[in-house]
Visitor: 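Below: one structure in structure tokens.
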2 protein chains.
Amino acid sequence: MAVDMNERRQLILKLVIQEFIETSTPVASELLLRKYGLAVSSATIRNEMAALEDLGYLTHWHTSAGRVPTDAGYRYYVENLMDRTPLSATEQRTIRHQFYQVRSELDQWIQLAGAVLARTAQNASVVTPPRAYQARFKHLELIAIHEATVLLVLVLHDGTIRQQSFTLESARPQEDLSRSAARLNERCHDAPIGKIEEMLQQERTVTPAQLDELDLVVLDLITKAMHQLEDQVNGQIYSDGLLEMLNQPEFAQVARVRQVLEMLQSGKGLGPLIPRVLANNGVQVIIGGEHSRDEMREYSVVLSRYGVADEVVGILGVIGPTRMAYPRTISTVRYISTVMSDMLGDIYGGESSRA
Amino acid sequence: MAVDMNERRQLILKLVIQEFIETSTPVASELLLRKYGLAVSSATIRNEMAALEDLGYLTHWHTSAGRVPTDAGYRYYVENLMDRTPLSATEQRTIRHQFYQVRSELDQWIQLAGAVLARTAQNASVVTPPRAYQARFKHLELIAIHEATVLLVLVLHDGTIRQQSFTLESARPQEDLSRSAARLNERCHDAPIGKIEEMLQQERTVTPAQLDELDLVVLDLITKAMHQLEDQVNGQIYSDGLLEMLNQPEFAQVARVRQVLEMLQSGKGLGPLIPRVLANNGVQVIIGGEHSRDEMREYSVVLSRYGVADEVVGILGVIGPTRMAYPRTISTVRYISTVMSDMLGDIYGGESSRA
DNA sequence: CGCTAGCACTCGGATAGTGCGAGTGCTAAG
DNA sequence: CTTAGCACTCGCACTATCCGAGTGCTAGCG
């Protein structure tokens, strides 16, 4: 058997895949002929399809059904066949405009990115907030709430905010708290955890104490909080567009719905991909169970890193059934990641992570 | 026809409902007899069931099917029939312990409440963060991020935090920002929006200016932000336990799933109930389309207010199909709302909202 | 040697008929 | 008022059947 690629085969594979992506029904030889007016007969197309099947790019579910792409088929399509047209200028403008409108509210960026991704890709989107590789102290605030209860607001260098309450041995006036905060803000300026722990250590051993009891309590809380935050790096994955995804015909039976919900909620199946995406530049496409096993076998993921290199980075992307409009999805993910990177660049003033 | 309630009828209604809640299958007369050993024959039970049907408490879907409760039936059950045993001491302890462990991280309370509710009620939970009726300024922080870009962290009296970035005409050193923040913190202490707007107004007209340009810019941002936050009072509804709910047999077809997802996402159907819940003390049970129309016809909601009266309040509860384990759900909602109220009481120092 | 017309063959899915079992509603008697 | 008995009603599962969509193969053609 001549298991080689040639132009005609490529064309047929491309058409089969595009047709399947569009209609979600197995593609018959006759249909390709009618719809695209190929210059050969359906029998020839069938022969080519059989060859493509030998190559591992197509299958069919039963004898009398049309062809369906395999994961390898999709992979070949994404790598060699598909059109790589970026989003239209109009779409780009629309998206950029939406982001412009929420430019001052950082927490809305994520939400917006998720919504836009989901809507244009008609699938679920996943977005992690921009985070620094290493937690670095930026600012701290102590606010007297009630009696000895104090609210601690901790702002990290990457914009992460954490609020936490704690109770002192005895009540302290707001001035004390403010003074303590000011002292610590100065001493911890831009410090990573290590530095702060060091300081704490030193302070406890050296006798002429420069910090008072309150300061120490707070420092202790801070290091704990920073550790926690660092442990859950990208731990939280926001997702949106469940509804859009459910409109895809593959979710006709509830079992699939449950499956995908579990996946999104647990972040399992997605988690293992994160380091890979963080390490690489550009859009990553994972088709079916290419990297993780079972859980993801029927799903594809299109992910990209975004952010400012060496400052803050996050991940955004789309998840959906392997039958996914790859060209459009990839363009969208790419574009939104550049927009987000640009906006972060404006704030952090570095080069954005994606060229 | 003697359409009256009597003890036997009540018992039968109760058993039918409990049985249906448990098995989700129509309840037959014979079954009640066998399972609960009633002292009458199945024919009598049938007669009683027919009477209960006349009263509007039961229906059946077709002639040869067992009985199923109507919304009115559930209502009667909740009001008069069901056992009102609180959660067991063990369960209470477990829950309280879980909350104790996250006592210092306010943002985790909501998440925990949602998770516990969902898990014990085996349905979706909804929780809104505790919010004040009226936005009141608590604290503000200005942090230089990069060049002229400044991060504004605004803390309201109810613990709401908002971060927002803005750009100045020209860069200012952190000291300027800190001084400005200190000034404003002092002047705006505990002020509601109105006060701040007044101040802003006055400052602009009176000639011997006490505040500088930076202060005014920030004040302006603050009022805008506070307005926005106030407009979306309880706008955000966290929900959890979708998966638990999907395990309920009523979600065997995907249409239902989509329906409920839309409802949760849009907050439609839930929104109209909020004022009602905020206005009343205690657990509110809304069965089927009792208050809103169509969208909610097949769902019930068990909600309660929580918080500290006149300080901060929020809502938490459970949403699920009308066939819901009301006694357990109600107890859980009630208990968690008291726990949350107690915890908030510890912070805000008032009487908790629920007796 | 590649292409194609023709045809047998294979399945899936829709449709209809059937029987069964679960429950009810009614009636008539205790 | 209760209940035994029974006719009646449906939903559901099962089977048989048919139809159409597609394929794979073969033989013949250029």
Side-chain angles (χ1 to χ4, degrees), chain A residues 1-13 15-17 19-20 23-55 57-70 73 249-250 252-253, chain B residues 1-13 15-17 19-20 23-55 57-70 73 249-250 252-253:
Chain A
M1 48 177 134
V3 279
D4 263 341
M5 259 335 211
N6 61 39
E7 223 163 284
R8 192 170 66 188
R9 263 174 215 167
Q10 290 194 328
L11 176 63
I12 289 177
L13 178 55
L15 290 180
V16 169
I17 292 185
E19 190 62 25
F20 184 68
T23 64
S24 83
T25 21
V27 183
S29 52
E30 203 79 37
L31 183 102
L32 280 195
L33 190 59
R34 274 206 321 277
K35 191 153 172 182
Y36 297 96
L38 299 192
V40 291
S41 77
S42 68
T44 306
I45 299 180
R46 277 202 292 282
N47 285 334
E48 295 293 41
M49 283 175 158
L52 286 166
E53 195 160 341
D54 284 343
L55 283 161
Y57 296 146
L58 296 179
T59 354
H60 51 189
W61 295 331
H62 52 268
T63 345
S64 72
R67 291 316 204 288
V68 164
T70 62
E250 9 276 301
Q253 60 261 29
Chain B
M1 47 176 132
V3 280
D4 264 339
M5 260 334 213
N6 61 40
E7 225 163 282
R8 192 169 67 191
R9 260 173 219 169
Q10 290 193 328
L11 175 64
I12 289 177
L13 179 56
L15 290 180
V16 168
I17 291 184
E19 191 62 24
F20 184 69
T23 64
S24 82
T25 20
V27 182
S29 52
E30 204 79 38
L31 182 103
L32 280 194
L33 189 58
R34 276 204 321 276
K35 191 153 172 183
Y36 299 96
L38 298 192
V40 291
S41 75
S42 68
T44 306
I45 298 181
R46 278 202 292 282
N47 286 334
E48 295 293 41
M49 282 174 159
L52 286 166
E53 195 162 340
D54 284 342
L55 283 161
Y57 295 145
L58 296 178
T59 354
H60 50 190
W61 295 330
H62 54 267
T63 344
S64 72
R67 291 315 206 288
V68 163
T70 61
E250 9 277 302
Q253 60 261 27

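The sequence lines fix the lettering, A, B, ..., with proteins before strands; numbering per chain opens at 1. Just the heavy atoms: all of them, side chains too, but no hydrogens, waters or symmetry mates, feed the values below.
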Visitor: What is the separation between atom CG on L33(B) and atom P on dG23(C), rounded to the nearest whole Å?
Guide: 13 Å
Visitor: Is the shortest side-chain N/O distance from H60(A) to OP1 or OP2 of dG24(D) below 4.0 Å?
Guide: yes
Visitor: Might you point out which heavy atoms bring S29(A) and S42(A) nearest each other, and give the distance in Å?
Guide: CB-O, 3.7 Å
Visitor: Measure the distance from NE2 on H62(B) to P on dT24(C) and round it to the nearest whole Å.
Guide: 10 Å
Visitor: How many whole angstroms separate atom CG of N47(B) from atom P of dC26(C)?
Guide: 9 Å
Visitor: Between W61(B) and E48(B), which residue's closest nucleotide on DNA chain D lies nearer the 5′ terminus?
Guide: E48(B)
Visitor: What is the distance, to the nearest angstrom, from the CZ atom on R9(B) to the P atom on dT2(D)?
Guide: 10 Å
Visitor: R46(B) CZ to dG23(C) P: how many Å, rounded?
Guide: 11 Å
Visitor: For a quick test of reading the model: is some side-chain N or O of T44(B) closer than 4.0 Å to OP1 or OP2 of dT3(D)?
Guide: yes
Visitor: To the nearest 0.5 Å, how far apart are CD in Q10(A) and CE in M5(A)?
Guide: 5.5 Å
Visitor: Rounded off to whole Å, could you give me the CG-to-P distance for the L31(A) and dG20(D) pair?
Guide: 18 Å
Visitor: Of all the nucleotides listed (dG25(C), dT4(C), dT23(D)), which has the minimum atom distance to the side chain of R67(B)?
Guide: dG25(C)
Visitor: Does some side-chain heavy atom of R8(B) sit less than 4.5 Å from a side-chain heavy atom of I12(B)?
Guide: yes
Visitor: Please report the distance, rounded to the nearest Å, between CG in N6(A) and P in dC1(C).
Guide: 17 Å
Visitor: With heavy atoms under 4.0 Å as the rule, sort S29(B) into base, sugar-phosphate or nothing.
Guide: sugar-phosphate
Visitor: OP1 or OP2 of dT10(C) sitting under 4.0 Å from any side-chain N/O of S64(A)?
Guide: no
Visitor: Decide yes or no for E19(A) and V16(A): does some side-chain heavy atom of the first lie under 4.5 Å from some side-chain heavy atom of the second?
Guide: no
Visitor: Determine the contact category for T63(A): base if any of its heavy atoms lies under 4.0 Å from a base atom, sugar-phosphate if only primed atoms, P, OP1 or OP2 are that close, otherwise nothing.
Guide: sugar-phosphate
Visitor: Would you tell me if any nitrogen or oxygen in the side chain of R34(A) comes within less than 4.0 Å of OP1 or OP2 on dG22(D)?
Guide: no
Visitor: Can you tell if the side chain of L13(A) reaches within under 4.5 Å of the side chain of L55(A), non-hydrogen atoms only?
Guide: no
Visitor: Rounded off to whole Å, could you give me the CD-to-P distance for the E19(A) and dG22(D) pair?
Guide: 11 Å
